[in-house]
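Written out below as structure tokens is the structure these notes cover.
Order of the sequence lines sets the chain letters (A, B, ...), proteins ahead of strands, with each chain counted from 1. Note that the structure is a prediction, hence the values are computed from the model and not measured.
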Protein chains: 2
Amino acid sequence: MAPTTSSAATRDRILTATTELFRRQGYNGTTLSQIVEASAATTGSIYHFFPGGKDELTAEVLRVSGAGYGELVEIVIRSALDPATGMHNAFEAAGQLMIETDFIDPCPIGTIAREVASTNEPLRLVAADVMQGWVERLAAVLVDAGIDAAQSERLASMSVTTIEGGFVMARTLKDIGPFLSAGEVVRQLIADALPE
Amino acid sequence: MAPTTSSAATRDRILTATTELFRRQGYNGTTLSQIVEASAATTGSIYHFFPGGKDELTAEVLRVSGAGYGELVEIVIRSALDPATGMHNAFEAAGQLMIETDFIDPCPIGTIAREVASTNEPLRLVAADVMQGWVERLAAVLVDAGIDAAQSERLASMSVTTIEGGFVMARTLKDIGPFLSAGEVVRQLIADALPE
DNA sequence: GTCTATATCTCGATAGAC
DNA sequence: GTCTATCGAGATATAGAC
């Protein structure tokens, strides 16, 4: 039972355009009219697909892009010989992306979360779900590599913390040096925890 | 040569109120009329002290509060027996503050930096100066404790990265667990680098 | 599902009296 | 230095034809 082709395409265009705008401008810095223009949709279409307006659209952007980032990072890590190397590769790839995009935010979720955490509880909860999901996903990879559950959870949490902080630093300084050197620390932390 | 009492008080009230609003709502989420109300000033006074409007006021908030945070952290670290313990104390204090304030942002600079990095180059540069200053300040403390210059710079950079990432996590999850456990990792990293 | 038109509100900024 | 009044622009959201 395939969805109507044109509807799906429009909804997707709206989500994609909004994600891209959020990466450059955050949540409060992005307006609906910018989304209308960038997605080549109309105000009517946006409210058709997201009757709750900007906040419902934002929640969906957080969920969809959050799941995408989590999946991407897991794939990068699992395709390496071990998770320490894999995490290192993930930092390298994100750093390369920042260089290539002139330091547009690789992932807007941390920015939006910090923007709305005290003022928009529904959106904060969505962001918290996404971030908790990242930690659990990473922890599962580390458990699969033979690290015990508690240590895996701590390392996974530290990894997400470092990635988020690294984005703040890189984007502000327009320099991936601190980001990559933080990635090297995380690589070592994971390597030290690996069995054998 | 003391400044006019009333003027200085008003200017300070504007800066303080704006910093507080930024901690809850970020840059784009805070309006001039909110600043007027919270500072008990008037539009005219704001433009009198900050002729460049919101952006000039924001730049000054970044500089003043950024210097304040840097000084505070240095004092906390230097008042401990060694910088590893001191850094641990700084994480504990920040965590305590987040609990007490229901997770209002302890420091809005990272949020604002990420909000404006792609859209407001003058403000991005101010934020970069502030952040670079933190790293240099922390590195100097580590050098004083006997760690070589290159290693001190890396550890200082990693510390700021971890603090910023920890703020994102704590504020989003409303849980200081990940923040404190990241602080424990940083404490260990510094302890391992200390001579003797 | 998509479109245009528009309602209602608030934004940042300015003017000019005091 | 501080005040009130207000500007023009642009915000989110809605209405109703198609």
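Without hydrogens or angle criteria, A:Arg24 side chain to B:Ser118 main chain gives no donor-acceptor distance under 3.5 Å.
Looking at B:Glu92 and B:Arg187, no side-chain N of the basic residue comes within less than 4.0 Å of a carboxylate O on the acidic one, giving no salt bridge.
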**Message:** Treating primed atoms plus P, OP1 and OP2 as sugar-phosphate and everything else as base, which nucleotides of nucleotides 3-18 of chain C get B, S or - for protein heavy atoms under 4.0 Å?
**Reply:** BB------SSBB----
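Listed by first and then second residue, the side-chain hydrogen bond (donor to acceptor under 3.5 Å, both in side chains) pairs that reach into residues 140-149 of chain A are A:Arg78-A:Asp144, sequence neighbours excluded.
The CD-C1' distance, from A:Gln25 to D:dA11, rounds to 14 Å in whole Å.
With sequence neighbours excluded, the residues satisfying ring-ring contact (aromatic ring centres under 6.0 Å, His included) with B:Phe179 are B:Phe91, B:Phe167.
Distances shorter than 4.0 Å separate none of the side-chain N or O atoms of B:Thr10 from OP1 or OP2 on D:dG1.
Here the side chains of A:Ile190 and A:Ser159 are in contact, with some heavy-atom distance below 4.5 Å.
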